[in-house]
Amino acid sequence: MLARLLFSSLLIASQIRAQHITFLQTQNDTWNSTFELTSQQLVNVNFSDTQATNLEIAVNFERSNWALGSATQDDFYKAPANTSSLPAGSVIKVQYFVNTTSFALPPNTALSRLSYTTKNLLNDTIPASAYILWPYLPLTYPNLSSPRPGTNSSKFPVVAWAHGSSGVFAECGPSNLRNLESQYSAPYELALSGYVVIGPDYQGLGTNQSFDGSEIAHPYLVGSAAADDLFYAVQAAQSAFAARLSKEFVIMGHSQGGSAAWASAIRQHNTPVDGYLGSIAASPSTNLSGLITALGQALPPLLPMLGTQAIKALQPNFNISRLLTAEGQSRYQLAKDISMCNSAAGELLADFPTSDRGALLHPNWTTVPEVADFFGATAGPGTLPISGPLLVLQGTSDLVVPYQFTDAAVAQTCAINNGRGVHYAKFAGVTHVPVLYASRRIWLDFLTNRFSTVGNVTTSRTCVTVNHTSLPFPVENYQRELGHRLELNTQSYQQGRLGF
Ligand SMILES: *[C@@H]1O[C@H](CO)[C@@H](O)[C@H](O)[C@H]1NC(C)=O
Ligand SMILES: *[C@@H]1O[C@H](CO)[C@@H](O)[C@H](O)[C@H]1NC(C)=O
Ligand SMILES: *[C@@H]1O[C@H](CO)[C@@H](O)[C@H](O)[C@H]1NC(C)=O
Ligand SMILES: *[C@@H]1O[C@H](CO)[C@@H](O)[C@H](O)[C@H]1NC(C)=O
Ligand SMILES: *[C@@H]1O[C@H](CO)[C@@H](O)[C@H](O)[C@H]1NC(C)=O
Ligand SMILES: *[C@@H]1O[C@H](CO)[C@@H](O)[C@H](O)[C@H]1NC(C)=O
Ligand SMILES: *[C@@H]1O[C@H](CO)[C@@H](O)[C@H](O)[C@H]1NC(C)=O
Ligand SMILES: *[C@@H]1O[C@H](CO)[C@@H](O)[C@H](O)[C@H]1NC(C)=O
Ligand SMILES: *[C@@H]1O[C@H](CO)[C@@H](O)[C@H](O)[C@H]1NC(C)=O
Ligand SMILES: *[C@@H]1O[C@H](CO)[C@@H](O)[C@H](O)[C@H]1NC(C)=O
Ligand SMILES: *[C@@H]1O[C@H](CO)[C@@H](O)[C@H](O)[C@H]1NC(C)=O
Ligand SMILES: *[C@@H]1O[C@H](CO)[C@@H](O)[C@H](O)[C@H]1NC(C)=O
């Protein structure tokens, strides 16, 4: 009966539509951007026509993923000068409602954006940006409290999400990307599971200019700076949405964000924040200098380019010619001028063989003192005590963060933490980003445990390592990588492929 009713209403709908026939269009393969390099830019990098075309395609791909146009043209990302005296963790601007039509979000999630104050590595207060992804049916846990005592809050449970490496320039902030950069790997799953997701862009991404107009350089891979962004974004969101959010929160991150989540557990050890319940660090970057030594000549050229911007965050007057060759400098400058993120920057450096880093870096680059300072600033995760619990997730086939580095960081942390606080889960045959998909059940259980035991104080648990090796099928039978991406449907016929 119901089926027949539905069928007849579909028939009626198609008859009505038949009266308004329009020509269908094939969805663009040029995406939603028509960027072209200027002749001066081409001269500066001395690119062949093929190289130029390839780079333009990658830049146009990247720009087609902007949800609301260029971040550098969007007033949301600019902080008014009169907010410069606000302490870190303050709200600058709130967009309670963001029209999500141009984002590729799961249905029945909602989006807000927030700008707030954080601290840079020089201890200055600076502006930064973040998104908040809201669930349709938030989870309720009985013992959560309101961020503002005396307020009757709905106490929706909060997870701060620390995204993986997206790039180092303004346009690389997830709050302006259609899929929020990390999509179903975590933030979408978190919201669909009932958590409110607070996703900071990290300082220098999204918002890249300070109150006085000066540049905010992104301190790539410096976990302590990202940890500040995470804690201050949570604090600001809790003050902007005091009637909705819980005071309690968990921090979760992947790769660059895995080191940020780990650094958050260290920050919590040194500067406890009420409401912190623990962290989840997936494929965490630790021991950068050790990794670079191990990579030797196989150092991917993108890494020094991203690292150069991080050195600028530590030493704003750093002269990049001390590190980069003339060719390296002109590439870096172009990446910065047009704000390339990882897709375009990868294409920009595609002709540099990984076996010859001399194309980009002076041979003596490891002796530059600022490089040592940068490595020093990234150290922390794996060498300092933490406030547990910390759930660490690692695939054994990860080529970006080899599991041996995570093994060592976990072992050392447990040794200096009296053998307590870390739950280490390893996944046989799993790679870098996919570890979040393989381990989804485990991190959701961790969150349930953290939020449902609030008020029931238990001592930090003994360190444990669990190897997940026993699968229903041979590991080769499983989809290995994320081989798809999210695109908007722009044409009517595409809706028909989604099922009624
Ligand atoms: C294709 O992209 C261009 C911009 O590059 C836009 O003007 C045009 O409307 C798009 N066409 C369709 C069918 O989406
Ligand atoms: C530009 O590239 C061409 C071909 O790769 C090369 O022959 C030429 O020397 C380069 N010019 C400069 C100024 O680097
Ligand atoms: C293309 O981007 C512009 C902003 O840059 C936006 O207004 C427009 O809706 C986008 N179109 C599509 C089909 O994504
Ligand atoms: C800054 O100025 C705007 C008006 O220009 C005002 O609405 C806002 O409250 C001021 N913010 C602070 C922190 O003083
Ligand atoms: C969101 O934007 C779309 C496209 O511009 C528009 O059709 C829709 O009405 C907007 N939604 C709301 C709630 O404003
Ligand atoms: C950082 O700034 C705060 C004030 O904003 C000050 O209390 C603190 O001592 C400073 N820390 C360092 C290391 O300079
Ligand atoms: C909060 O709500 C409870 C019942 O839902 C009520 O008894 C209490 O007075 C409220 N407190 C405030 C501060 O509004
Ligand atoms: C912010 O980024 C844009 C795009 O890369 C750049 O043009 C602009 O100069 C940057 N702002 C500052 C203050 O450096
Ligand atoms: C490294 O070499 C470059 C170019 O040869 C030179 O300008 C720079 O001073 C050297 N740096 C150090 C730390 O030796
Ligand atoms: C909630 O907190 C109270 C103390 O504040 C405690 O007695 C109770 O066991 C807690 N409930 C749970 C489920 O942990
Ligand atoms: C508190 O934790 C203990 C130990 O994990 C458990 O046995 C007990 O049931 C918990 N109490 C509540 C109220 O959840
Ligand atoms: C997990 O596997 C590693 C080898 O990858 C092994 O050294 C370690 O003992 C195993 N740990 C446990 C708890 O089974």
Side-chain angles (χ1 to χ4, degrees), residues 28 30-42 44 55-84 91-105 111-118 120 126-133 163 166-181 199-218 229 233 236 309 312-313 332-345 347-348 486-488 490:
N28 264 333
T30 53
W31 301 298
N32 187 23
S33 166
T34 52
F35 173 83
E36 283 179 19
L37 293 159
T38 63
S39 45
Q40 186 58 55
Q41 285 167 335
L42 288 172
N44 290 350
L55 179 58
E56 284 169 354
I57 288 173
V59 172
N60 281 320
F61 165 70
E62 219 161 59
R63 294 182 171 213
S64 298
N65 288 310
W66 292 350
L68 301 167
S70 166
T72 60
Q73 305 299 315
D74 184 340
D75 266 354
F76 168 74
Y77 293 102
K78 294 196 174 56
N82 70 346
T83 56
S84 67
V91 178
I92 299 175
K93 288 181 195 172
V94 185
Q95 287 179 340
Y96 291 93
F97 167 75
V98 176
N99 187 329
T100 57
T101 308
S102 58
F103 286 81
L105 297 187
L111 193 69
S112 306
R113 293 197 299 183
L114 177 77
S115 73
Y116 67 100
T117 49
T118 183
N120 68 11
I126 51 167
S129 43
Y131 68 80
I132 305 179
L133 188 64
H163 63 89
S166 62
V168 291
F169 301 117
E171 305 292 2
C172 315
S175 68
N176 190 37
L177 302 180
R178 284 191 170 157
N179 63 359
L180 304 178
E181 179 75 19
D201 289 332
Y202 299 146
Q203 52 190 272
L205 312 185
T207 296
N208 76 330
Q209 82 178 43
S210 196
F211 307 105
D212 60 359
S214 61
E215 180 187 15
I216 301 171
H218 170 56
D229 299 342
Q309 187 69 353
K312 298 280 280 184
Y332 166 86
Q333 198 54 51
L334 179 60
K336 184 168 183 157
D337 287 347
I338 64 174
S339 202
M340 292 184 203
C341 303
N342 285 354
S343 300
E347 204 49 51
L348 174 75
L486 301 181
E487 272 293 321
L488 293 186
T490 64

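These numbers come from the heavy atoms of this one structure, side chains and all, not from hydrogens, waters or symmetry mates. One is the number of the first residue; the rest follow in order along the sequence.
- Put simply, CZ on Phe61 and SG on Cys341 are 11.0 Å apart, with the number rounded to the nearest 0.5 Å.
- With sequence neighbours excluded, no residue forms a salt bridge (Lys or Arg N to Asp or Glu O under 4.0 Å) with Lys78.
- Checking side-chain atoms of Ser115 against main-chain N and O of Ser129 turns up no donor-acceptor pair under 3.5 Å.
- Residue Asn342 holds its CG atom at 7.5 Å from CD of Glu181, rounded to the nearest 0.5 Å.
- Judged by distance alone, the side chain of Gln95 and the main-chain N or O of Arg113 form no donor-acceptor pair under 3.5 Å.
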For Met340 and Leu55: C-alpha separation, side-chain torsions, deciding distance, then whether side chain to side chain contact (heavy atoms under 4.5 Å, CB included) applies. CA-CA 10 Å; Met340 292 184 203; Leu55 179 58; 4.0 Å; yes
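- Considering all non-hydrogen atoms of both residues, Ala130 and Pro200 come closest at CB-CA, 3.6 Å.
- For the atom pair Leu105 CG and Thr100 OG1, the distance stands at 5.5 Å (nearest 0.5 Å).
- Within the model, atoms CH2 of Trp66 and CD of Gln73 stand 8.0 Å from one another, a figure rounded to the nearest 0.5 Å.
- With sequence neighbours left out, the ring-ring contact (aromatic ring centres under 6.0 Å, His included) criterion links Tyr96 to Phe241.
- Applying the side-chain contact (heavy atoms from CB on, under 4.5 Å) test to Asn179 and every residue at least two apart in sequence or in another chain returns Leu177, Gln183, Tyr188, Leu486.
- A donor-acceptor pair is defined here as one N or O able to donate and one able to accept, closer than 3.5 Å; no such pair exists between the side chain of Asp201 and the backbone of Ala128.
- To the nearest 0.5 angstrom, Ser33 atom OG is 10.0 Å from Glu62 atom CD.
- Side-chain atoms of Lys93 come within 3.5 Å of backbone N or O of Asp75 as a donor-acceptor pair.
- In this structure a side-chain-to-backbone donor-acceptor pair under 3.5 Å is missing from Glu171 to Ser339.
- Applying the side chain to side chain donor-acceptor pair (under 3.5 Å) test to Asn99 and every residue at least two apart in sequence or in another chain returns Thr101.
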Atom pairs and distances, donor-acceptor, side-chain atoms in residues 204-213, under 3.5 Å, two or more places apart:
residue: Thr207; atom: OG1; partner: Tyr77; partner atom: O; Å: 3.1
residue: Asp212; atom: OD1; partner: Ser214; partner atom: N; Å: 2.9
residue: Asp212; atom: OD1; partner: Ser214; partner atom: OG; Å: 2.6

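- Taking all atoms of both residues into account, the shortest heavy-atom contact from Leu68 to Ser102 is CD2-OG, 3.5 Å.
- The shortest non-hydrogen separation linking Cys172 to Val168 is SG-N, 4.0 Å.
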Step-by-step side chain to side chain contact (heavy atoms under 4.5 Å, CB included) determination, Phe169 to Ile338: CA-CA 9 Å; Phe169 301 117; Ile338 64 174; over 6 Å; no
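- Under the salt bridge (Lys or Arg N to Asp or Glu O under 4.0 Å) criterion, Glu36 pairs with no residue at all, not counting sequence neighbours.
- Identified under the salt bridge (charged side-chain N to carboxylate O under 4.0 Å, His left out) test for residues 336-345, with sequence neighbours left out: Glu215-Lys336.
- Using modelled atom types, one side-chain atom of Glu56 and one backbone atom of Leu37 make a donor-acceptor pair closer than 3.5 Å.
- Every residue two or more places apart in sequence or in another chain that forms a side chain to side chain donor-acceptor pair (under 3.5 Å) with Gln41 is listed here: Thr38.
- Under the rule for a side chain to side chain donor-acceptor pair (under 3.5 Å), the partners of Ser112 that lie at least two apart in sequence or sit in another chain are Trp134.
- For Thr118, the side chain to side chain donor-acceptor pair (under 3.5 Å) partners at least two apart in sequence or on another chain are Asp229.
- Across every non-hydrogen atom of Asn176 and Ser70, the tightest pair is ND2-C, 4.3 Å.
- Residues Ser166 and Tyr202 form no side-chain contact, since every pair of their non-hydrogen atoms from C-beta on lies 4.5 Å or further apart.
- Once rounded to the nearest 0.5 Å, the distance linking CG of Asn44 with CD of Gln333 reads 9.0 Å.
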